[in-house]
Structures are given as structure tokens and as C-alpha cells.
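Read the structure below first, then the notes.
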Amino acid sequence: MNAQAKVAPPLARRVPIELVQDRAPSMTARARAGFARIEDLSEAVAVQFKLPRLELDAIDLAIDLVNLVPRELAEKHQLVPVFANTDEISLAVSDPTQIALFDWLSRHLKRSTALVIATPQEIARAQARLYEARRAPVVDAGPDLSREQLAAATQVVNTVIAAAIEQKASDIHIEASEQATVIRFRVDGALRQIEARPIEHHAALVSRIKILANLDISIHHAPQDGRIKLPSAAGDIDLRVSVLPTYWGEKVVCRLLDNKRAALPLDALGFDADHKKQLLAMASSPYGLVLVTGPTGSGKSTTLYAALNAIRRPDVNIITVEDPVEYQLPGINQVQVAVKRGLTFPSALRSILRQDPDVILIGEIRDQETGQLAAEAALTGHLVLSSVHTNDALSSITRLTELGVEPFLVAPSLVGIVAQRLMRLVCKACVELAPPDAAELEALGLPGVPAGTVVARGRGCAACHRTGCSGRVAVREVLTVDEELRAMITRRAPVEEMRAAAIAKGFKTMRFAALRMWLAGITSTREVIRVTRS
């Protein structure tokens, strides 16, 4: 079980059996029996029947439990499964007197039943988490799988996708080892193992995902990429799928895309007032090159889309070329790169320049030709937004020159650079405040902090899966390129020299922004060290 059961303290009074069996005891009935709150009643029931009292709201329910107890039965008898293994199933109930039902379940499931006590409201909320979030549409079967294999794989894949959405995962990993298929979710930037299944199930699971993504299920020894769009009550589920052959079998990674993020304003992305002002000034330039940089998964596309949303108007012709198109934006012409058909970043960019664009977004500058075309477009009256993969703002300049883009093109075209990374937040449910110790200050390179300063740490709880972290925030540095910096770029000045000159003019590094969040109790020492450099 993912959280320890809370055993109620002994109570002197006994609970009338009719009150235990009441599906929703009224306040008057509870008051007559001496219980002011429904939680007090549940604790008394737990003591009277010598069962653990479990606070269900803090429990992370395993995704396979829906296969053991049907929703109709759970709702009819006001119970919910909370844990299961090959020998036992634990049920949260508000009425432990349903002996015949528990005996029937034990025989039907061929495992013993263990009971824990919860309030009816906690059980209803747990049922919603377990059953409602796991509805997923069924797509037609593939011809090469047996009906039994397909049914089992369909159920598992639908359940895994729904669980990933519920846990706010950014990626689903399905990978083969010698003896098992391991399913992991990336949540808040960290991978978390969800379950392991027999390796015999792996081929069916991979084939099921390939069918959903319109990939060739007969190809097992070459990488494939696809996309899944599934309708659901909460809106379309959009996944970007990558299949890679490995030693023990094909590995599948599904990136979950939230289309609502494409329409987010800059304020919703955590931009402080100064950084927002700088980025809006860059995006409002009549021409020039604006870069957003950071590692994979740092939110570069989201920031670029937010910048486009800030300048999108009917009188502005905006065209993007992306690989892949992650989010669909209304009022913007988006081009999907297709290398097999000859549509690459450079070829698409050449065609775009003949489409009378005002603003061009290039998903990523990966090579000399794309970088040179982007710089030339920026110098000929177009505003060009793009991304590169570097760790900080000033390293982006070196990256462009390393790709072969001449400094005399980079210097006059570059307007500004936004560098960002995602930093995990301290879990609010288990946060504790304490003064930073000497080791922390040394690791951060700080000689000291003002007296009375406290910083946050997460103890680890059920809500954050014992990690001490829950949620992420972007930490950024924003560099506006001025004439002095252009001169330094032209003469190929070292990065450290350019950084020193920028800091002397007020440039704030990413470490500076992270330390501000650390002192505000938003993030932890470990995260500041992990994400930023001194």
C-alpha cells in the first residue's frame, strides 16, 4: 500500500449497527450517537471492528485495480480496492458488516480480502480517481493479433494512458528487459516506475501502440515515429510516439501533449515582470533573430508559442516550420517537416520566404544551412524565432558559430536570447522550513545569508510519491543583445568575456533567478544545484 493506514485512537462509545450500515448517515443521526463529524464516526467504526482507518485522499491507487473490482459493484456496495497482490486484496469500506459480499469477492478473485475503514466521501472520491479517469476509447484491432492478446493489450494501453494523464506525466516509457516489460512515467522531470509486466506481453503492447499511431506493426528493427489522437470527455488526448529497437525488444516513448498550453500567455509561464518586458520587446521587433534555448523538455516550444500568441494579429502573416508540429495554433500557418519527402528545415524555409511572411518560427536550428537561412531572413526584414540546444543564453552564440554560421551574420541579426530550464518545486503537503546549513551554503557558493533566513525542504509524502517535490517552474535568464555585444560576437570573443560584459550591464544569470526562488521557499537547495551553474 502506498501510504500507511492510520489507526484510530480508542474511543469509549460504541457505534449503533444501523448507523454503520447507513449509506449516508445524516448530521442529526450522527449527533444523536455522539459524533460531530463523519471522520469521528469512521474512526469509531475502525476501533469497534478492530480494523485500520485509512485516509483515502492521500492514496495513489494502482492502475490495475480497475480489472479486479467492477465499477458497478464498487458503487453499489460503497467500496474501493486500494491494494492487491497475488494473495490478497485490500478494500476500503465504510460498512464492514457486508460479510457475504467479502466472502464472495475472496472466492471470485481467489485471494483473501483485507478491510480498511474510510468515510463514504473519501470512497466516492477514490472511485472517481480510479474509474472515471481511466475511461479511454477503443480503436479497431490490428489483423496480426489474436482477439485475446488484443483485448488484454487494449485494456492495458488505455489504462496506462489514462493513468499518465491523471498523474500529469509528460512522457510514458514502455521498455523491455530480459524478464519483464517495465512501464515508467516521467513526472516533474523525474522517471517513476509504475509497474512491471511479464515480458510475454511486450509485443502485444507495442503492436497496440503502433496501431494507434498508424505505424507499421511488421517493422521491428528500425525506428518509427507517429502520433496518437484519442477523443475523451476531457478533450482530445494527443501523444507523440517514438519506437526504438533495443536488445530485448522495442522501446516506446509517448510524449503527452497538452494543446491548452499552446494558448497560454507569458504570465501563465512564470515570466517575471522584467523578463516579460524584455521578451515582448524582442517579439515586437520589426526584424531580427530571437532564440529560446535549453535542454530537451525544458519548455522551449511553449515559450515560443506564447511569444507568437502575444504578437498574433490578423494583419501579421505568421508561418512556422516544425519537426514535429506539437500544438495547433489558430490563425498561424504551420508546416510539418517531412524528410522522406524532401521537406527539410532549409527547403521549407526557402519556400516560406516566398510566402510574404512577417514572422517565421523555426522549430530548431540544427545545422549550418538552417542557421544561415534564419540569420539572412532576419537581416532582410523578417522576425525569426527559433530554438537551439544549449545550457545558457551566451552559449547559444557559440553554438551558432560552431554550426558554421559566420559571426558577421550572427552579430547584426541577433536581437535577444531566452535561456530556460525547469526546476522542481517543494511539495506543499510536506514542506518544512529550516535555516540553511554550512554545507548547503558552500555548495551554492554563498558566503552566508541574513540572520533568520529559512529555506524549504520536502520530507516526502504520499502526495508527492515520497520525492519531496511536486510541480515545476521555469527558471530563466534573458539577454538583450546590444551594440557592444555585437562587436564582441564579430571578433569571436570568448563566452566568459561576453558574460562578464553582460553582467556588468545588469544581466541576471539563471543561477541568480534560481537563488531568488530558493530564498522564497519555492524550491530546494538540491534543485538549484541540479538545474543551474554557479
Side-chain angles (χ1 to χ4, degrees), residues 1-11 14-15 17-23 39 41-134 148 151-152 155-156 159-160 163 179-183 193-201 462 465-466:
M1 199 176 299
N2 293 329
Q4 294 182 345
K6 177 183 176 183
V7 180
L11 299 178
R14 291 183 62 82
V15 184
I17 194 66
E18 60 272 14
L19 194 58
V20 173
Q21 296 172 337
D22 192 339
R23 301 298 299 273
E39 289 81 5
L41 174 60
S42 293
E43 290 179 355
V45 170
V47 171
Q48 183 166 319
F49 287 87
K50 298 180 180 179
L51 295 170
R53 162 75 170 103
L54 186 67
E55 294 179 353
L56 270 180
D57 289 337
I59 301 299
D60 181 20
L61 301 175
I63 60 179
D64 275 347
L65 293 172
V66 291
N67 302 325
L68 298 177
V69 180
R71 179 176 186 172
E72 294 75 13
L73 186 144
E75 291 180 341
K76 178 179 178 182
H77 297 283
Q78 204 169 47
L79 58 86
V80 67
V82 293
F83 173 77
N85 57 31
T86 55
D87 301 316
E88 181 181 271
I89 180 170
S90 297
L91 303 171
V93 301
S94 60
D95 175 12
T97 66
Q98 306 174 83
I99 304 300
L101 171 66
F102 305 139
D103 287 344
W104 177 84
L105 274 173
S106 182
R107 292 193 303 273
H108 177 70
L109 298 174
K110 295 182 175 58
R111 61 191 84 189
S112 62
T113 55
L115 304 182
V116 296
I117 300 299
T119 69
Q121 292 84 354
E122 289 172 343
I123 291 172
R125 289 192 291 269
Q127 288 172 344
R129 296 201 308 275
L130 183 61
Y131 295 105
E132 290 182 10
R134 283 159 169 73
E148 292 77 13
Q155 187 173 31
V156 172
T159 301
V160 166
Q179 297 179 337
T181 293
V182 178
I183 299 174
Q193 182 167 327
I194 302 302
E195 63 173 319
R197 290 181 168 272
I199 191 62
E200 293 79 11
H201 298 174
H465 298 271
R466 309 295 169 188

- Under a 4.5 Å cut-off applied to non-hydrogen side-chain atoms, are Val69 and Ile89 in contact? yes
- Taking the side chain as every heavy atom from C-beta outward, state whether Ser94 and Leu41 have any atom pair closer than 4.5 Å. no
Kindly list each side-chain donor-acceptor pair under 3.5 angstrom involving residues 105-119, sequence neighbours excluded, with atom names and distances?
from	atom 1	to	atom 2	distance (Å)
Ser106	OG	Arg111	O	2.9
Arg111	NE	Leu109	O	3.3
Arg111	NH1	Asn85	O	2.6
Ser112	OG	Asp87	O	3.3
Thr119	OG1	Glu122	N	3.0

- Message: So, using side chain to side chain donor-acceptor pair (under 3.5 Å) as the criterion, who are the partners of Asn67 when residues are at least two apart?
- Response: Gln155
Locate the shortest heavy-atom distance separating [X] from [Y]; write the atom from each residue and the value.
X: Pro81; Y: Leu91; answer: CA-CD2, 3.9 Å
X: Val66; Y: Leu130; answer: CG1-O, 3.3 Å
X: Gln127; Y: Leu79; answer: NE2-O, 2.9 Å
X: Leu56; Y: Ala92; answer: CD1-CB, 3.7 Å

- Message: Before you tell me yes or no, could you show the steps for Val182 and Gln193 under side chain to side chain contact (heavy atoms under 4.5 Å, CB included), namely the whole-Å CA-CA distance, both residues' side-chain angles and the distance that decides it to 0.1 Å?
- Response: CA-CA 7 Å; Val182 178; Gln193 182 167 327; 3.7 Å; yes
- Trace of the side chain to side chain contact (heavy atoms under 4.5 Å, CB included) decision for Val156 with Arg197: CA-CA 10 Å; Val156 172; Arg197 290 181 168 272; 3.6 Å; yes
- Message: Quick test of your reading of the model: are Glu72 and Lys76 salt-bridged, counting only N-O distances below 4.0 Å?
- Response: no
- Item | side chain to side chain contact (heavy atoms under 4.5 Å, CB included) between Trp104 and Leu73, intermediate numbers included | CA-CA 12 Å; Trp104 177 84; Leu73 186 144; 3.7 Å; yes
